[in-house]
Number of protein chains: 2
Amino acid sequence: MEIEIITVGDEILTGHTVDTNAAFIAQQLTEAGFIVRHQSSVGDTVEQMEEEFRLAWKRSQIVIVTGGLGPTDDDLTKRAIVKLFKRNLVYHEEILEQIKERYRLRGIEMPAINQNQALLPQGGRFFPNKHGSAVGICIAEEGKIFIALPGVPMEMKQIMADEVMPYLRSLKTGHTLAIRKIRTTGIIESKIAEIVSAHLKLDFGVRLAYLPSLRGVDLRVMATGGTDAEALDKARAVERQLDEVCAKYIYGKDNETLEGVVGRLLADEQKWLSVAESCTGGLLGSTLTSVPGASAYFRGGVLAYANEVKTAQLGVSEKILTTHGAVSEQCAKAMAIGTRKLFDTDYALAVTGIAGPDGGTDDKPVGLVYIGLADRKTGFARKFQFGAGRDAIRLRAVYAAMELLRREILQIS
Amino acid sequence: MEIEIITVGDEILTGHTVDTNAAFIAQQLTEAGFIVRHQSSVGDTVEQMEEEFRLAWKRSQIVIVTGGLGPTDDDLTKRAIVKLFKRNLVYHEEILEQIKERYRLRGIEMPAINQNQALLPQGGRFFPNKHGSAVGICIAEEGKIFIALPGVPMEMKQIMADEVMPYLRSLKTGHTLAIRKIRTTGIIESKIAEIVSAHLKLDFGVRLAYLPSLRGVDLRVMATGGTDAEALDKARAVERQLDEVCAKYIYGKDNETLEGVVGRLLADEQKWLSVAESCTGGLLGSTLTSVPGASAYFRGGVLAYANEVKTAQLGVSEKILTTHGAVSEQCAKAMAIGTRKLFDTDYALAVTGIAGPDGGTDDKPVGLVYIGLADRKTGFARKFQFGAGRDAIRLRAVYAAMELLRREILQIS
């Protein structure tokens, strides 16, 4: 069954609101094995809505609309529905009773405007709304289904979860969709695509997408099948192949984060970590401590932005700074070793580099970053070249540092 | 001119990615006075894209597409464009040279797959991409414009801001909208709305919007007029009134950031800053050093996540920790004073609090944060209660700390 989602509201078209409703609905449907073919947003006019509803109703089996059902916005969604389906609005006593009851519980008299909320298109059924006065509307006709939900996220989510999903699941037949996400870092998109395409041949009904970001490249496997189990089997078969050919680069699956994975590795082994940051200025520490419970393995760090801090607090020798400079393998290594000692931790990570936009030279261009890693025995540093853009360079450095530690702990070379 | 936006990607239709690209593009266009009529998302198949592109091209004057321009084979946007416009792809040597140069800067050999990136539809122009290999594509035909941009947010944003917006603005006639943004922090939306509505009466053709975020509340003034000058006059008149009644809370205008403003104040007065961070774990330092040139006033800091670090490195007394605890006014003040001494700076900021989700008590609930500030003479700390949510609490603490310093430097009480 082809589904499409339409969100209504000027605030979406002006970009003042990010459309999280469409994403929520799409996720619920996708997880239940439905396939969302199309998503669109229209403004708050009856004409635009009617045109969009008509197009959707023509090409899709199921249409889900959110927004424009509140009592103050003049019921524009309902008016567009009435025009499309050529039906009258009829009054539902039981809906008004529920709304009155809700106001009674809050000790407020129901504003008269809410009476509109009890008017529904003839022949439609409604989905109760636990958190507000706008009920969901459902019209089934010619083997197709049209659903309209309020746009307030809390209300929409409750009706989707409690009413719409059970209803749609009860209708479902045919093929389903399974999704697996494999998360990699430390390799660029085109390179991992080369590796994958050299080893993998995808069956019919399986798609693979590369989703690059500054944090790494996610591989998303989408498989369709006659049953949930069949689809999942197909997706997992591809996942297993990817696990094998990309092993070194895979740090997690689905919603796992690199900071979460590194944190778990440290916590599992009861190891402590400290950091020294120059060009990242705290972004590495901030990312590591964004994980709840980080106090079990993160002891602290030094933001060694100025060179004096590198010498005075981390014990980097003047000689290293004058001979090799603050952005050098030697300095990164010395920073890591000094930090590890200062905080008496099992591991220390150190970052020093040129985030730009100024400060680059021919020898040491913007984007050059050294990352140092020390353990209780020794230390080393790696050189990276992270391209351009201050924010991008800093974020890439943070992920490269965490990945260096992950591979060190897991002994991946 | 009617504009529509199309985002391409299965990850949007499955709800795995919230479509922030569409919101960003819509916002840019709206602020420049364009009207976005329609927004939609389609999956990664050439057929779906072509169908959607064709529909959009028929009904709108300007179509902007993002996504599906990467080098891997799930990136099909170019193929759909070629089908729609019935053009061939032609090879652009200069694009390939730029891509090669970018790889050279990163010290990586360009994977052969990137050669695809130099192929563009015949007769189209391209917009350079500073952060990646997929250039923007622009086709002008029959008085209409079709633009395709990469889907990686950083790349899309750069091309939109640097290339697409100037190009579209150059085509525009009859500009009648002026926008001013006044940025406040340290006050909640309903409170600033109370102040404003008590003092301001808006003329016809002027709208005021409150845009709250974790960083503060922006006031957006939108004024329309027969000419640019008239619209701007109207907007500026409201801006001047707001400057007066909200003076204390206003840290900047338009795209100014609090970290940028604080940095400029420090640089202007040639003062040095250091930080000590417990619950924010580096987020304050990271935010301060996100500003290019921060090395002129930011010396460094200590991530004092564990209590041992607070005593050993910052000189917080054991007595303070046992009597008042690490999350206390006394500890925040001692951290600030200790940090200022350690780094020999003019100012030091210190943050200690309970970011949760665990660790809260009745006395010291999650969201309780103390922020300390020291100068060369003295030090003090303020208590804040930042509600729930680890990320939100940390971010609010960072902005409260920077605002505390801004008001200290400017002697605003």
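From a predicted model like this one, the values you see are computed outputs, not experimental measurements. Convention: sequence-line order gives letters A, B, ...; per-chain numbering from 1.
Looking at B/V302, both its backbone and its side chain come within 4.5 Å of chain A, counting heavy atoms on both sides. Of the atoms belonging to A/Q313, it is side-chain heavy atoms, and not backbone ones, that fall under 4.5 Å from chain B. Only the side chain of A/F343 comes within less than 4.5 Å of a heavy atom of chain B; its backbone N, CA, C and O stay farther away. For A/V18, the parts lying under 4.5 angstrom from a heavy atom of chain B are both the backbone and the side chain.
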List the steps, then state whether side-chain contact (heavy atoms from CB on, under 4.5 Å) holds for B/L55 with A/L55.
-> CA-CA 11 Å; B/L55 188 64; A/L55 187 64; 3.5 Å; yes

Trace of the side-chain contact (heavy atoms from CB on, under 4.5 Å) decision for A/L13 with B/H38 = CA-CA 7 Å; A/L13 291 185; B/H38 197 271; 5.6 Å; no

Intermediate values then yes/no, side-chain contact (heavy atoms from CB on, under 4.5 Å), A/F298 and B/L303 | CA-CA 10 Å; A/F298 184 74; B/L303 308 183; 4.0 Å; yes

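Between B/D10 and A/R207 there is a salt bridge, since a side-chain N of the basic residue sits under 4.0 Å from a carboxylate O of the acidic one.
Applying the side chain to side chain donor-acceptor pair (under 3.5 Å) test to residues at least two apart or on different chains, the pairs with a partner in residues 275-285 of chain B are B/E277-B/T280, B/S278-B/K310.
The two residues B/P111 and A/S190 come nearest to each other via the heavy atoms CG-OG, 3.1 Å.
In this structure, B/K130 places its NZ atom where only 12 or fewer heavy-atom neighbours from other residues, nucleotides or ligands lie under 6.0 Å away.
Residues forming a salt bridge (Lys or Arg N to Asp or Glu O under 4.0 Å) with A/D19 (at least two apart in sequence, or on another chain): none.
Remark: side-chain polar atoms of A/S40 are not paired, donor with acceptor, to backbone N or O of B/S40 under 3.5 angstrom. In this structure a side-chain-to-backbone donor-acceptor pair under 3.5 Å is present from B/R394 to A/T289. In this structure a side-chain-to-backbone donor-acceptor pair under 3.5 Å is present from B/T30 to A/T14. Using a distance-only test at 3.5 Å, with no hydrogens or angles considered, a donor-acceptor pair links the side chain of A/R390 to the main chain of B/S290.
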